Amino acid sequence: MMDLAEIKKTVLELIETSPAAYLSTLSEDGYPYTRALLNMRDREQYPQQTGVFEGHNDDFMLLFSTNTSSGKIIQIKANPKVSVYYCKPEIFHGAMLAGDIEIVDDPKIKHALWNEGWEKYYPNGPDDPDYSVLRLYPKNVRGWLGWGTFEFTI
């Protein structure tokens with residue numbers, strides 16, 4: 001059994017190496033909607049973004065890009081309570097981070113998260129009105145690390 005510091009380190013490693021992040025929002029009728037998003041904390045896929053997350057290993061801050069016109073934005077405006085799941089099923093590791101997500105309007109963050117090639121989604125670049133950034137400071141983390149379950153608050 002790991003102590004809390006080891007669990008947190010393992011969860012952070014999972015977040016930084018998972019190929020996708022699965023965001024769940026709540027629909028107007030109260031049902032969860034889950035979709036895969038780009039995992040911007042994945043160091044291998046997005047090495048240029050590592051600086052955006054410096055200083056956020058203890059608070060597990062997460063950032064995501066999405067279309068302003070997407071259904072998830074409508075759901076988040078109605079109810080910001082979400083969960084994000086990261087997993088590596090081949091080693092039986094999974095972690096769910098829950099909290100209140102926010103829509104970020106700060107142009108510096110939007111530009112810092114921007115990736116070359118996203119023009120196909122957002123033709124006007126990082127200032128495109130259909131380009132939004134979501135930020136989550138999770139409150140609760142729970143999951144499975146092969147040997148059993150864990151849970152902690154942030």
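Predicted, not measured: the structure shown is a model, and the values here were computed from it. Any value given below was found using the heavy atoms of this structure, including those in side chains, with hydrogens, waters and symmetry copies removed.
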Visitor: Let me check something: do Tyr85 and Ile76 share a hydrophobic cluster, defined by ILVMFWY side-chain heavy atoms less than 4.5 Å apart, either directly or through other members?
Guide: no

Visitor: Measure the shortest side-chain to side-chain distance between Thr17 and Lys88 over non-hydrogen atoms and say whether it is less than 4.5 angstrom.
Guide: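 Counting from C-beta outward, Thr17 and Lys88 do come under 4.5 Å.
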
Visitor: Determine all donor-acceptor pairs shorter than 3.5 Å in which one atom belongs to a side chain in residues 4-15; sequence neighbours excluded.
Guide:
| residue | atom | partner | partner atom | Å |
| --- | --- | --- | --- | --- |
| Glu6 | OE1 | Asp3 | N | 2.9 |
| Thr10 | OG1 | Glu6 | O | 2.8 |
| Glu13 | OE1 | Arg43 | NH2 | 3.3 |
| Glu13 | OE2 | Arg43 | NH2 | 3.2 |

Visitor: Report the distance from atom NZ of Lys139 to atom CG of Asp59, rounding to the nearest 0.5 Å.
Guide: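 Lys139 NZ to Asp59 CG: 13.5 Å, rounded to 0.5 Å.
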
Visitor: For the NZ atom of Lys72 and the OG1 atom of Thr34, what is their distance to the nearest 0.5 Å?
Guide: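 Output value for this atom pair is 12.0 Å.
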
Visitor: Apply side-chain contact (heavy atoms from CB on, under 4.5 Å) to residues Glu54 and Val52 and explain how you reach the verdict.
Guide: CA-CA 6 Å; Glu54 281 182 22; Val52 175; over 6 Å; no

Visitor: Can you check whether Met40's main-chain N or O pairs, donor with acceptor, with Gln45's side chain at less than 3.5 Å?
Guide: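 It does not hold such a pair.
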
Visitor: How close do Val104 and Leu134 get, counting heavy atoms only, and between which atoms?
Guide: CG2-C, 4.4 Å

Visitor: What heavy-atom pair brings Asp100 and Lys81 nearest, and what distance separates the two atoms?
Guide: OD1-CG, 3.2 Å

Visitor: Testing the basics here: between Glu16 and Asn57, what is the closest heavy-atom pair and its distance to 0.1 Å?
Guide: OE2-OD1, 3.9 Å

Visitor: Can you name the nearest heavy-atom pair linking Cys87 to Pro89, along with the distance?
Guide: C-CD, 3.7 Å

Visitor: Treat each ILVMFWY residue as a node, draw an edge where side-chain heavy atoms are under 4.5 Å apart, and state whether Val82 and Ile103 are in one component.
Guide: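 Val82 clusters together with Ile103.
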
Visitor: Is the side chain of Thr68 donor-acceptor paired with the backbone N or O of Pro129 at a distance under 3.5 Å, no angle test?
Guide: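 Yes, because the side chain of Thr68 sits within donor-acceptor range (under 3.5 Å) of the backbone of Pro129.
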
Visitor: Go through the side-chain N and O atoms of Thr25 and Arg35 and say whether any donor and acceptor fall under 3.5 Å apart.
Guide: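 Yes, Arg35 and Thr25 have a side-chain donor paired with an acceptor closer than 3.5 Å.
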
Visitor: Can Phe60 be reached from Met2 by stepping across I, L, V, M, F, W or Y side chains whose heavy atoms are under 4.5 Å apart?
Guide: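 In one cluster with Met2: Phe60, yes.
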
Visitor: Within the distance-only criterion (no hydrogens, no angle test), does the side chain of Glu119 pair as donor or acceptor with the backbone N or O of Asn124 below 3.5 angstrom?
Guide: no

Visitor: Is the closest side-chain heavy-atom distance between Glu28 and Asn79 below 4.5 Å?
Guide: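 A side-chain contact is absent here, since even the closest heavy-atom pair is not under 4.5 Å.
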
Visitor: Looking at Asn39 and Ser18, would you say the former's side chain and the latter's main chain have a donor-acceptor pair under 3.5 Å?
Guide: yes

Visitor: Are any side-chain N or O atoms of Asp130 and backbone N or O atoms of Tyr122, one a donor and one an acceptor, separated by less than 3.5 Å?
Guide: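 The answer is no, because no donor-acceptor pair under 3.5 Å joins these two groups.
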
Visitor: Determine whether more than 12 heavy atoms belonging to other residues, nucleotides or ligands lie under 6.0 Å from atom OH of Tyr137.
Guide: yes

Visitor: Applying side-chain contact (heavy atoms from CB on, under 4.5 Å) to Ile101 and Leu23, what does each step give before you reach the verdict?
Guide: CA-CA 10 Å; Ile101 202 162; Leu23 173 70; 4.3 Å; yes

Visitor: Give the table of side-chain donor-acceptor pairs shorter than 3.5 Å for residues 144-154, with sequence neighbours excluded, one pair per line with atom names and distance.
Guide:
| residue | atom | partner | partner atom | Å |
| --- | --- | --- | --- | --- |
| Trp144 | NE1 | Phe92 | O | 3.4 |
| Trp147 | NE1 | Leu145 | O | 3.2 |
| Glu151 | OE1 | Arg142 | NH2 | 3.1 |
| Glu151 | OE2 | Asn140 | ND2 | 3.1 |
| Glu151 | OE2 | Arg142 | NH2 | 2.8 |

Visitor: Locate the shortest heavy-atom distance separating Leu136 from Gly99; write the atom from each residue and the value.
Guide: CD1-C, 3.6 Å

Visitor: Do any N or O atoms from the side chain of Asn67 and from the backbone of Ser69 form a donor-acceptor pair under 3.5 angstrom?
Guide: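 Judged by distance alone, no pair lies under 3.5 Å.
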
Visitor: What verdict does the side-chain contact (heavy atoms from CB on, under 4.5 Å) test give for Trp114 and Tyr131, after you've listed the backbone C-alpha separation in whole Å, the side-chain angles of each residue and the deciding distance to 0.1 Å?
Guide: CA-CA 10 Å; Trp114 181 259; Tyr131 169 58; 3.9 Å; yes

Visitor: Find the distance between OG (Ser132) and CZ (Phe64) and round it off to the nearest 0.5 Å.
Guide: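 If I round to the nearest 0.5 Å, the distance is 14.0 Å.
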
Visitor: Treating Ile, Leu, Val, Met, Phe, Trp and Tyr as nodes and any side-chain heavy-atom pair under 4.5 angstrom as an edge, say whether Leu62 and Tyr22 lie in one connected cluster.
Guide: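 Hydrophobic grouping puts Leu62 apart from Tyr22.
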
Visitor: What I want to find out is whether Lys110 reaches Asp105 closely enough, with some N-O distance under 4.0 Å, to be called a salt bridge.
Guide: no

Visitor: Would you indicate whether Glu90, at its atom CD, is surrounded by more than 12 heavy atoms from other residues, nucleotides or ligands within a distance under 6.0 Å?
Guide: yes

Visitor: Mark yes when over 12 heavy atoms from residues, nucleotides or ligands other than Asp58 sit less than 6.0 Å from its CG; otherwise mark no.
Guide: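 12 or below, so no.
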
Visitor: Do you reckon Tyr46 sits in the same ILVMFWY cluster as Tyr121, going by side-chain contacts under 4.5 Å, direct or chained?
Guide: yes

Visitor: May I have the step-by-step check of side-chain contact (heavy atoms from CB on, under 4.5 Å) for Leu97 and Tyr86, ending in yes or no?
Guide: CA-CA 9 Å; Leu97 295 86; Tyr86 297 89; 3.8 Å; yes

Visitor: Judged by atom type as modelled, is there a donor-acceptor pair below 3.5 Å linking the side chain of Gln49 to the main-chain atoms of Leu113?
Guide: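 Yes; judged by distance alone, with no hydrogens or angles, the pair exists.
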
